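Bear in mind that the values here come from a model prediction, so they are computed numbers and not experimental data.
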Amino acid sequence: MLDIQNQKLKTSVWYREVWNDEFLSWNSSLFDEIQEISLPLSAIWAPDIIINEFVDLERSPGLPYVYVNSSGTISNYKPIQVASACSLQTYAFPFDIQNCSLTFSSILHTVEDIDLGFLRNKEDIENDKRVFLNDSEWQLLSVSSTYHVLRSSVGNFAQIRFNVVIRRCPLAYVVSLLIPSIFLMLVDLGSFYLPPNCRARIVFKTNVLVGYTVFRVNMSDEVPRSAGCTSLIGVFFTVCMALLVLSLSKSILLIKFLHEERHSGQERPLLCLRGDSDADESRLYPRAPSAETTEPPVGQEHQGQPDTLKEAWLQLQSINNSLRSRDQVYQKEVEWLAILYHFDQLLFRIYLAVLGLYTVTLCTLWALWSRM
């Protein structure tokens, strides 16, 4: 079992160790043809072979006895459960293939004292999968083995390394992560068909951003975290979130700018002239003369007509200025919308390219995974 978060490989190994001790040999014909006996391991000398990647010893049944035959060959067979360190490469998650090594060597004895060898042929070890139990997530590909001598200032030490190559079964992650992520990106891609100055677009993109955040939190529990590299799905997801935030910020700034322009360009042409309200009302809506009032002189009536025409001319000028300012605001809106439409098209093409690259990359990784 592979612990992704802690980068540890937990392995159950049937450990077989054989060495020769010339001081434990006898003539079987002198001892009633006894060819083999069992002795406590603590009563005899045993080589100090360890696993270099060892980080923790799991629970394993203890077998304190070993078999010794008449020629002095000692066989130590026992099952062990080892937790070893494994450097994981999670870039191609969930189509990743991991290579974890188990290196056996002596701590104190050099190659002149203890030399290591294989009990079986290397090809048989690499292709033998009879005793390997596949779990629901990982599948064993091969177990290659190599022998080499580690040279150091202390001495030369013999080492045997087993490279355990396993690959992940990605179907569960494809259904739970990849397909929903593609659907979420397609929904975000559809938001580009809404007008940039539409307030419903901001609401729509905000809801998509919330969906991205919730999906990212759920994905963080399933995607392995590695200090060496980042998974490809995490990179693409971060890029899509950045494009979404950029598009959302652009829409917010556009609506704020248009709102300020419209309010700054508003005028009230009918209230530009501030005079006596009663006088204006009497000029615009003259009351019918009563029987008690006397008719105004002819000179006064001709004097009031130029004032009325002047006020009407000022009102027309005010209306004309207001319409011109509105036209200017409208022209600015049209210019800004044209610029932002081009920017929106650029973001749409980038988003479409990222989504296409994401899909092609996943299909390529899946094809490479299936060939292994």
Side-chain angles (χ1 to χ4, degrees), residues 4-5 89-97 136-137 167-226 229-258 336-372:
I4 298 294
Q5 305 300 335
Q89 301 296 327
T90 58
Y91 177 76
F93 174 86
F95 307 104
D96 51 336
I97 298 175
S136 59
E137 186 175 1
R167 69 176 180 181
R168 191 191 304 269
C169 299
L171 183 59
Y173 295 97
V174 170
V175 175
S176 62
L177 285 181
L178 299 187
I179 295 180
S181 66
I182 293 177
F183 285 162
L184 191 58
M185 293 176 186
L186 289 176
V187 171
D188 189 16
L189 195 64
S191 65
F192 284 93
Y193 288 96
L194 295 175
N197 58 340
C198 180
R199 289 178 173 84
R201 181 177 184 175
I202 296 180
V203 178
F204 184 81
K205 281 188 169 293
T206 304
N207 293 331
V208 175
L209 183 60
V210 172
Y212 266 113
T213 306
V214 174
F215 189 80
R216 182 66 177 174
V217 171
N218 295 332
M219 187 177 65
S220 62
D221 297 332
E222 300 185 19
V223 176
R225 294 183 295 271
S226 176
C229 60
T230 306
S231 61
L232 187 64
I233 182 176
V235 173
F236 277 109
F237 217 74
T238 303
V239 171
C240 291
M241 287 188 68
L243 292 175
L244 172 61
V245 172
L246 184 60
S247 178
L248 181 61
S249 302
K250 181 258 306 176
S251 298
I252 293 174
L253 292 177
L254 174 63
I255 291 179
K256 182 179 183 300
F257 174 77
L258 295 180
W336 277 104
L337 285 177
I339 295 174
L340 291 175
Y341 268 121
H342 290 294
F343 185 69
D344 222 32
Q345 290 178 359
L346 179 61
L347 282 180
F348 177 78
R349 293 173 183 175
I350 294 175
Y351 207 117
L352 195 62
V354 170
L355 182 58
L357 182 62
Y358 178 64
T359 306
V360 171
T361 304
L362 290 180
C363 294
T364 304
L365 290 176
W366 200 341
L368 294 176
W369 176 89
S370 61
R371 291 180 183 178
M372 295 297 294

### Task
Determine, step by step, whether Val354 and Phe236 satisfy the side chain to side chain contact (heavy atoms under 4.5 Å, CB included) criterion, reporting the C-alpha distance in whole Å, the side-chain angles of both residues, the deciding distance to 0.1 Å, and the verdict.
CA-CA 7 Å; Val354 170; Phe236 277 109; 3.9 Å; yes
### Task
List the steps and the verdict of side chain to side chain contact (heavy atoms under 4.5 Å, CB included) for Gln89 and Ile97.
CA-CA 8 Å; Gln89 301 296 327; Ile97 298 175; over 6 Å; no
### Query
For Ser191 and Lys205, what are the C-alpha separation, side-chain angles and deciding distance, and is it a side chain to side chain contact (heavy atoms under 4.5 Å, CB included)?
CA-CA 7 Å; Ser191 65; Lys205 281 188 169 293; 2.8 Å; yes
### Task
Give the C-alpha distance, both sets of side-chain angles, the deciding distance and a yes or no for side chain to side chain contact (heavy atoms under 4.5 Å, CB included) between Phe192 and Leu352.
CA-CA 11 Å; Phe192 284 93; Leu352 195 62; over 6 Å; no
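In this structure the side chain of Pro94 reaches within 4.5 angstrom of the side chain of Arg168, judged on heavy atoms. For the pair Phe93 and Leu232, the minimum side-chain heavy-atom distance is 4.5 Å or more. At least one side-chain heavy atom of Phe95 sits under 4.5 Å from a side-chain heavy atom of Leu178. Residues Tyr193 and Arg201 are not in side-chain contact: their nearest non-hydrogen atoms beyond the backbone lie 4.5 Å or more apart.
Just one residue in the list Leu184, Val239, Val208 forms a side-chain contact (heavy atoms from CB on, under 4.5 Å) with Leu244, and that residue is Val208.
Within the model, atoms SG of Cys240 and CE of Met185 stand 3.5 Å from one another, a figure rounded to the nearest 0.5 Å. Note that CG of Leu177 is 5.0 Å distant from CD1 of Ile233, once rounded to the nearest 0.5 Å.
A salt bridge is absent between Arg167 and Asp96; no separation between the charged side-chain nitrogens and carboxylate oxygens falls under 4.0 Å.
Looking at every heavy atom in both residues, Phe343 comes nearest to Leu246 through CZ-CD2, 4.2 Å. Taking all atoms of both residues into account, the shortest heavy-atom contact from Pro180 to Ser176 is CG-O, 3.6 Å.
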If you look only at distance, which donor and acceptor atoms sit under 3.5 Å apart when one is on a side chain in residues 355-365 and the other is two or more places apart or in another chain?
| from | atom 1 | to | atom 2 | distance (Å) |
| --- | --- | --- | --- | --- |
| Tyr358 | OH | Ser181 | OG | 3.1 |
| Thr359 | OG1 | Leu355 | O | 2.9 |
| Thr361 | OG1 | Leu357 | O | 2.6 |
| Thr364 | OG1 | Val360 | O | 2.8 |

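When ring centroids are compared, Phe237 and Phe215 come within the 6.0 Å threshold.
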